[in-house]
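Accompanying notes for the structure given below.
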Number of protein chains: 2
Amino acid sequence: MDFKNNDLSKVMFERHSVRRFDTSVKIPREELETMIKEATTAPSACNLQSWHFVVIDTPEAKERVKKSVMKFNYPQLDSSAATIFIVGDTQSHLVYRDVWNKVREAGKITQERLDQILNTFLPLYEHADQSFLTLDATMDCAVAGMQLLLLARAHGYEANPWSGVDFKTIISTLGLDPKRYVPVMAVSIGKSAEQPLKTERYDVKQLTEYL
Amino acid sequence: MDFKNNDLSKVMFERHSVRRFDTSVKIPREELETMIKEATTAPSACNLQSWHFVVIDTPEAKERVKKSVMKFNYPQLDSSAATIFIVGDTQSHLVYRDVWNKVREAGKITQERLDQILNTFLPLYEHADQSFLTLDATMDCAVAGMQLLLLARAHGYEANPWSGVDFKTIISTLGLDPKRYVPVMAVSIGKSAEQPLKTERYDVKQLTEYL
């Protein structure tokens, strides 16, 4: 892997949200797909991989999506080389049996483990309500999104996650089925054209308890 | 930062969920807190930092939490040096005005930006229902959790995220207020005692669309 920046501590600790990008910079679609592919090495609940990506990287697409984006996020959308909407797939479990049968066929897990997965985990999803499936897909998308934020920097770009969208209309605006997909996070990527704000964090002692 | 492993591509792409750990390995609480502090460099919605951490690192605490953990996650819980429950704080916005006033006082943002934050973003949270606040906190916890998974490897350990808990009782079992906190993710950390399963991912072409 030949990252521009492969220094984990620099990539992670010097990451700050950038909201204004250099509009002259484009990112090839091949590189965007490489970043998405790399981001999906993230773990997901039961390896359901309940994430889906819609890329906005043309002036026309940016205009089309605006009707479902809150105005305060227009600067990121407008100036980014690409904005990637990460949406959750609440029907990812419908292919679940096939996925795990293949893992078994490849000899990677025992029949006992397969039975456990299909008989213990699968029913949890098959009987789950929309709220559970939404939370689960949100978690999957968020972890992939976090990796994407780091990967943007690894590839020499900066990024910004945002979710200021009209939750009722964004999925349709993205051309997807609103019964199946749920909005989670948009990630705008490009070359920075600003000094980003370095925000503070609460003290770890305040945040941590021991049972 | 002196990580044991600071090679981003190795830390990210050779990460696999480990479910059985070497039970002889302990992690000092100071190091656990360092990892949590590092994980919270993650971004959060409006910098609300809606994450909270409960560490289980003694045999007694492991026994206490079991009544709210599904049996198939006992191996991780029992063998890990520490299991960190990341829970979402749905009341993080109650201190929101103070946090941003301090950022303004420190001269980091303009009065105009402060007004935008307090008048545009804050009302979204103050008028939000529990479902929105839960989703938002879930996203914050998941991105911090993803960083924690990477940081475990950076510190020379392996980890595994899981959420097989009884959602109705886990928060009380952790000694927290179930009206305020929501369960998101447990991360078990330790030295690996198994060859982890390397799971497959869907093809990026299947996952990606262009608007």
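Throughout, protein chains are lettered first and strands after them, A, B, ... in sequence-line order, and every chain is numbered starting at 1. Below, each value reflects all heavy atoms present in this structure, side chains not excepted, and no hydrogens, waters or symmetry copies.
In this structure, R19(B) does not pair ionically with E194(B), as no charged nitrogen and carboxylate oxygen lie closer than 4.0 Å. Taking 4.0 Å as the cut-off between side-chain N and carboxylate O, K62(B) and D78(B) do not count as a salt-bridged pair. Here K102(B) does not pair with E200(A) in a salt bridge; the nearest charged N to carboxylate O distance is not below 4.0 Å.
Taken to the nearest 0.5 Å, the OG atom of S172(B) stands 13.0 Å off from the OH atom of Y181(B). Rounding to the nearest 0.5 angstrom, the gap separating the CD1 atom in I117(A) from the CG atom in L122(A) is 10.0 Å. The distance from the CZ atom of R180(B) to the CG atom of L133(B) is 12.0 Å, given to the nearest 0.5 Å.
Contacts of D57(B) with chain A are made by side-chain atoms alone, with heavy-atom separations under 4.5 Å and no backbone atom involved. With a threshold of 4.5 angstrom between heavy atoms, R113(B) approaches chain A through side-chain atoms but not through N, CA, C or O. Of the atoms belonging to R15(A), it is side-chain heavy atoms, and not backbone ones, that fall under 4.5 Å from chain B. For V11(A), the part lying near chain B is the side chain, with the backbone staying farther off; criterion is any non-hydrogen pair under 4.5 Å. Heavy atoms of Q116(A) lying under 4.5 Å from chain B belong exclusively to its side chain. The parts of T41(A) that come within reach of chain B are both its backbone and its side chain, each placing non-hydrogen atoms under 4.5 angstrom from that chain. Looking at L176(B), only its side chain comes within 4.5 Å of chain A, counting heavy atoms on both sides. If you measure heavy-atom distances from L197(A) to chain B, the contacts under 4.5 Å come from the side chain alone. Heavy atoms closer than 4.5 Å to chain B are found in both the backbone and the side chain of T208(A). The part of K205(B) that comes within reach of chain A is its side chain, from C-beta onward, which places non-hydrogen atoms under 4.5 angstrom from that chain. Contacts of I86(A) with chain B are absent, with no heavy-atom separation under 4.5 Å from either backbone or side chain.
Each of L150(B), T173(B), L149(B) has some count of heavy-atom pairs under 4.5 Å with chain A, and the biggest count is that of L150(B). When the candidates I56(B), V204(B), D136(B) are compared by the number of heavy-atom contacts under 4.5 Å with chain A, V204(B) comes out ahead. For the set A42(A), A154(A), S17(A), the entry with the most heavy-atom pairs within less than 4.5 Å of chain B is A42(A). Ranked by non-hydrogen atom pairs under 4.5 Å with chain B, the options N47(A), V54(A), T138(A), V182(A) are led by N47(A). Note: L135(A) leads L174(A), I36(A), L124(A), L135(A) in heavy-atom pairs under 4.5 Å with chain B. Per-residue heavy-atom pair counts under 4.5 Å with chain A were compared for W162(B), F53(B), F132(B), and the maximum is reached by F53(B). Taking chain B as the reference chain and counting heavy-atom pairs below 4.5 Å, the highest number among C141(A), C46(A), A142(A), P43(A) is found for P43(A).
L211(A) has its side chain out of reach of T58(B): every pair of non-hydrogen atoms, C-beta onward, lies at least 4.5 Å apart.
For the pair Y202(B) (side chain) and L207(B) (backbone), a donor-acceptor distance under 3.5 Å is absent.
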Decide yes or no on side-chain hydrogen bond (donor to acceptor under 3.5 Å, both in side chains) for T40(B) and Q49(B), but give the supporting numbers first. CA-CA 8 Å; T40(B) 61; Q49(B) 309 167 58; over 6 Å; no
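A donor-acceptor contact closer than 3.5 angstrom is absent between the side chains of N101(A) and E105(A).
Taking the six-membered ring for Trp and the full ring otherwise, the centers of F72(B) and F121(A) sit less than 6.0 Å from each other.
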